[in-house]
Amino acid sequence: MSLCVCVPVCVPVCVPVCVPASLPSSGVVKAEDYTLPVYVDRRDVPLPEVAFVRDLSAQQRALKEKEKASWSALSADEKVELYRIKFKETYAEMKKGTNEWKTILGGVLFFLGVTGIILIWQKHFMYGPVPHTFSDEWLSAQTKRMLDMRVNPVQGVTAQWDFDNNEWKK
Amino acid sequence: MSAALLPKPQMRGLLARRMKFHLLGAFLVSMGSAVLYKFGVAEPRKQAYADFYRNYDPMKDFEAMKAAGVLESTQCKC
């Protein structure tokens, strides 16, 4: 003698499964939620595998019965209700942008500011003086030597110097 | 539903339209940047070099450098 049970495999479809009654357990392992097909709102999946609302209320079940008759008998609100049973968001709602970019931009700027404060603190409190080769006298002597050597005479530093008047070109 | 139906959206040729747009855009951007570089950087540089060497006298430059004292192999007691 066997035990016949109707088991939901895909949510709307119940499949009868016959199992010998001699097995000690209830017969069939209950299908876990995560093994069943899921509803997903994706722009490239227009018809998801299951409807959005899984367990219909009595009112919704009555509406589903009415859906089996002629659709022109349905009012506009009923059509919308049927849509909302089947789908969670419309394409317009799915594609709607968020204000997330403002949060991200604010966060980025904030942390840039924190980094700036850290760098300023370091320069003021931590670092020693710069090498003497950065002093104004040294830099002018260095530049004069570069001009004497005619460094980059075509487009570079020597090209900006006016040798006749001993000054930078205007 | 409301009395006025939404206009039927574009159903076909979506990839073709996107490809056309992006192919044209990529072509324009790459050609544009090449042209900008040529006429913004390359040509002025060639012109600058031509202008520099048109009337360049290396001996005069050598004398100037020698006088300034930057050449180790010469001695300038001036």
Side-chain angles (χ1 to χ4, degrees), chain A residues 41-47 63 66-67 70-87 89-96 133 138-170, chain B residues 1-23 25 33-78:
Chain A
D41 262 330
R42 279 182 60 119
R43 287 157 73 180
D44 51 357
V45 178
L47 291 172
L63 188 55
K66 195 172 173 196
E67 192 191 15
S70 165
W71 285 347
S72 44
L74 296 168
S75 74
D77 287 329
E78 286 174 333
K79 288 179 191 168
V80 171
E81 175 63 24
L82 283 168
Y83 181 91
R84 290 293 174 186
I85 291 174
K86 204 163 168 72
F87 300 102
E89 282 186 325
T90 67
Y91 262 75
E93 288 163 5
M94 230 194 284
K95 292 202 277 194
K96 192 172 58 181
T133 52
W138 191 280
L139 286 177
S140 347
Q142 182 176 302
T143 317
K144 172 146 180 39
R145 195 175 137 79
M146 283 167 70
L147 295 170
D148 288 339
M149 288 196 284
R150 305 295 192 271
V151 168
N152 289 336
V154 182
Q155 283 183 308
V157 63
T158 310
Q160 318 286 350
W161 181 256
D162 186 357
F163 281 97
D164 302 320
N165 301 333
N166 248 5
E167 57 184 4
W168 292 110
K169 284 186 188 163
K170 297 290 177 285
Chain B
M1 289 290 132
S2 55
L5 289 173
L6 292 171
K8 185 172 175 181
Q10 176 78 1
M11 303 290 264
R12 292 164 183 266
L14 297 165
L15 179 65
R17 189 181 69 186
R18 180 193 163 83
M19 272 197 76
K20 198 161 61 173
F21 176 80
H22 281 83
L23 277 174
S33 38
V35 164
L36 275 176
Y37 184 85
K38 181 172 171 66
F39 291 107
V41 176
E43 287 302 316
R45 186 170 289 165
K46 288 197 268 192
Q47 195 57 36
Y49 272 79
D51 293 339
F52 179 78
Y53 282 110
R54 191 169 297 122
N55 300 318
Y56 181 59
D57 183 12
M59 292 317 295
K60 182 165 142 245
D61 253 11
F62 171 72
E63 293 302 327
M65 281 195 255
K66 184 172 160 186
V70 292
L71 302 172
E72 285 182 22
S73 50
T74 66
Q75 273 159 333
C76 178
K77 292 289 194 276
C78 41

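To find a chain, count down the sequence lines: A is the first, B the second, and so on, and within it residues start at 1. Please read these numbers as outputs of a predicted model, since none were measured by experiment.
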Take atom [atom1] of [X] as the centre, draw a 6.0 Å sphere, and report whether it contains more than 12 heavy atoms from other residues, nucleotides or ligands.
| X | atom1 | result |
| --- | --- | --- |
| A/M94 | CE | yes |
| A/K144 | NZ | no |
| A/R84 | CZ | yes |
| B/Y49 | OH | no |

- What pair of heavy atoms forms the shortest contact from A/R150 to B/A64, and how long is it?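 Reported closest heavy-atom pair: NH2-CB, 2.9 Å.
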- Message: Can you give me the closest heavy-atom contact between A/M149 and B/M65, atom names plus distance?
- Response: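 The pair with the smallest heavy-atom distance is O-SD, 3.6 Å.
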- Message: Among B/L71, B/D51, B/V70, which residue has the highest count of heavy-atom pairs closer than 4.5 Å to chain A?
- Response: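 Top count of heavy-atom pairs under 4.5 Å with chain A: B/V70.
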